[in-house]
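Here is the structure we will look at.
Per chain, numbering begins at 1; letters A, B, ... match sequence-line order. Keep in mind that what you see is a predicted model, and the values were worked out from it rather than measured.
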There are 2 protein chains.
Amino acid sequence: MDENGKIDTRTAKGQATRDRLLAEALRLFAIKGFEAVGTRELAAAAGTNIASIAFHFGGKEGLYGEVVRHVAATLASLYQNAFAAAQAESRAKGEEPIRRAHRVIAKLIAALAASNRSRWMSLLLQREFITPTACFDTLYEEAIRPCLEEFSQLVEATAGLAAESLDNRVLAYSLFTMASAFSRNGNFLRFTGKTGYAPQDIDAIGRAVAGFIDKGLRPSA
Amino acid sequence: MDENGKIDTRTAKGQATRDRLLAEALRLFAIKGFEAVGTRELAAAAGTNIASIAFHFGGKEGLYGEVVRHVAATLASLYQNAFAAAQAESRAKGEEPIRRAHRVIAKLIAALAASNRSRWMSLLLQREFITPTACFDTLYEEAIRPCLEEFSQLVEATAGLAAESLDNRVLAYSLFTMASAFSRNGNFLRFTGKTGYAPQDIDAIGRAVAGFIDKGLRPSA
DNA sequence: GGAAAGATGTCAATCGATTGATTGACATCA
DNA sequence: TGATGTCAATCAATCGATTGACATCTTTCC
């Protein structure tokens with residue numbers, strides 16, 4: 001689509017190559033990290049030539065930047081949807097706020113483990129947490145911070161801790177961490193001895209974590 | 001020290017170079033990752049020549065292997081000490097098992113945030129979680145699994161969930177995740193707006209998380 | 001006691017391989 | 001005919017590894 005909003009059919013093939021590059025770059029960058037992925041590997045995975053990377057994205061860094069922008073936007077809406085849906089369901093059923101936390105955590109865990117794409121996005125995010133690149137600010141301000149602030153509000157509403165307090169932030173950050181932990185590949189599976197997640201496993205994990213925090217967030221008597 | 005237990009004073013200088021390489025390699029590999037660190041950078045940081053890496057460790061991979069072995073051994077004893085100390089203190093005071101979980105978490109968070117070295121080790125471990133190398137098995141079997149199993153026992157003793165059950169493993173894994181989350185640099189600090197951890201912050205984080213899981217692990221009425 | 005021989009460790013220089021980026025020819029379609 | 005993409009070929013730069021000279025220290029031997 002050009003600057004006038006018209007679709008240029010000439011670019012259909014180019015757009016397809018661009019999309020394949022983005023999809024494969026997300027997968028490879030998430031699994032191996034920015035430095036460990038070569039341009040030749042990216043091009044081969046996308047079924048094109050290395051020159052395409054420079055043509056469509058200006059180079060390897062430009063491609064990574066586009067991937068991060070896509071991840072930030074997708075995760076931001078994924079988080080937002082989870083909180084909004086939980087709020088709507090909880091309000092419709094007249095539940096107390098603590099049930100909303102229950103719902104949010106279960107939704108996030110399920111959403112992040114649902115598809116390979118979302119798992120890769122979560123993995124890329126974890127990677128940026130550990131090795132921030134120039135793109136980290138985008139990811140943090142656009143996706144992570146809003147999610148943390150939502151958790152912070154949730155902790156305030158349930159545990160009665162002021163949103164700006166350290167105690168509140170510790171719990172909010174812990175919830176975010178727990179929601180992300182199970183989407184990472186391999187490690188929890190190895191601990192359980194399983195070889196993969198079945199749909200009922202995802203449900204069970206969501207319920208277990210939700211039950212855990214449901215009790216953990218209740219204000220002390 | 002040779003095979004007879006005698007200290008060879010000739011190797012004192014060589015040993016010092018070896019130690020500096022190991023220390024700097026831990027720091028750099030933890031911060032930037034295996035692929036992103038060059039042999040020239042490693043040698044310069046340790047104040048020696050790149051040939052030293054091949055001489056002492058057989059190459060970059062050999063050096064990384066030694067670093068991982070050191071991290072595995074150190075973290076294993078760090079974990080073990082935390083559980084043992086918590087058990088001893090808890091038994092001496094005649095506390096219920098759930099207080100032991102309280103103590104373990106607080107000790108682990110404090111220990112992992114105590115020094116740069118322990119933070120780097122924790123960071124390297126997180127990195128291996130995301131991008132397992134050939135050394136991951138060492139790290140997992142020697143340090144991570146024993147710690148997870150301890151948590152599993154703790155969850156069984158407190159929440160009454162069988163150690164092999166999925167619910168138990170989910171909670172045990174969550175506890176491990178939470179204990180590690182705050183030792184990672186930068187991200188939680190950014191969320192709180194702080195610029196660094198003060199000793200009282202570490203205490204406060206440990207107490208907050210411990211209080212959270214203290215309630216979360218109690219069996220439902 | 002002291003020089004030769006051997007082991008240990010460091011160094012600058014260099015190796016082939018691989019990296020990301022670039023080029024100019026060529027294909028496709030408006 | 002010009003714009004959009006793709007391709008094989010090639011670029012300089014950097015990678016990890018290696019080499020052989022050299023310094024240092026220990027052991028051996030007379």
Distance check needed: dC7(D) C1' versus Ile53(A) CD1, whole Å only.
14 Å

Can you give one letter per nucleotide of nucleotides 10-15 of chain D, 5' to 3': B if a protein heavy atom sits under 4.0 Å from the base, S if only from the sugar-phosphate, - if neither?
B----B

Is the shortest side-chain N/O distance from Asn49(B) to OP1 or OP2 of dA12(C) below 4.0 Å?
yes

Whole angstrom is fine here: how far is it from CZ in Phe57(A) over to C1' in dG5(D)?
13 Å

Roughly how many Å is it from CZ in Phe34(A) to C1' in dT19(C), rounded to a whole number?
12 Å

Which pairs, with at least one residue in residues 29-46 of chain A and sequence neighbours excluded, count as a side chain to side chain donor-acceptor pair (under 3.5 Å)?
Lys32(A)-Glu41(A)

Does dG9(C) have OP1 or OP2 under 4.0 Å away from a side-chain N or O of Ser52(B)?
no

Are Phe176(B) and Phe191(A) close enough that their ring centres sit under 6.0 Å apart?
no

In the structure I gave you, are the side-chain heavy atoms of Trp120(B) and Val71(B) within less than 4.5 Å of one another anywhere?
no

Please state whether the phosphate of dT4(D), meaning OP1 or OP2, lies under 4.0 angstrom from any side-chain nitrogen or oxygen of His56(A).
no

Look at the side-chain N and O atoms of Thr48(A) and state whether any lies under 4.0 Å from the OP1 or OP2 oxygen of dG5(D).
no

In whole angstrom, give the distance that lies between atom CG of Leu63(A) and atom C1' of dA21(C).
14 Å

Let's go through Phe182(A) and Tyr173(B) carefully: what are the C-alpha distance in whole Å and the side-chain angles of both, what is the deciding distance for ring-ring contact (aromatic ring centres under 6.0 Å, His included) to 0.1 Å, and is it a yes or a no?
CA-CA 9 Å; Phe182(A) 297 96; Tyr173(B) 193 77; 5.6 Å; yes

Measure the distance from CZ on Arg18(A) to P on dG5(D) and round it to the nearest whole Å.
10 Å

Exceeds 12 heavy-atom contacts within 6.0 angstrom, atom CD of Glu141(A):
yes

Calculate the interatomic distance between Glu41(A) atom CD and dT19(C) atom P; express it in whole Å.
9 Å

Taking only the side-chain heavy atoms of Phe55(B) (C-beta and beyond), determine which of dG9(C), dT18(D), dC7(D) contains the nearest atom.
dG9(C)

Could you tell me how far apart Leu21(B) (CG) and dC11(C) (P) are, to the nearest whole angstrom?
11 Å

Ring center gap for Tyr64(A) and Phe57(A) short of 6.0 angstrom:
no

Could you check which of dT18(D), dT10(C), dC7(D) has an atom nearest any side-chain atom of Ala54(B)?
dT18(D)

Is the Phe151(A) to Phe83(A) ring centre distance short of 6.0 Å?
yes

Atom-to-atom span, CG of Leu28(A) to P of dT19(C) - whole angstrom
13 Å

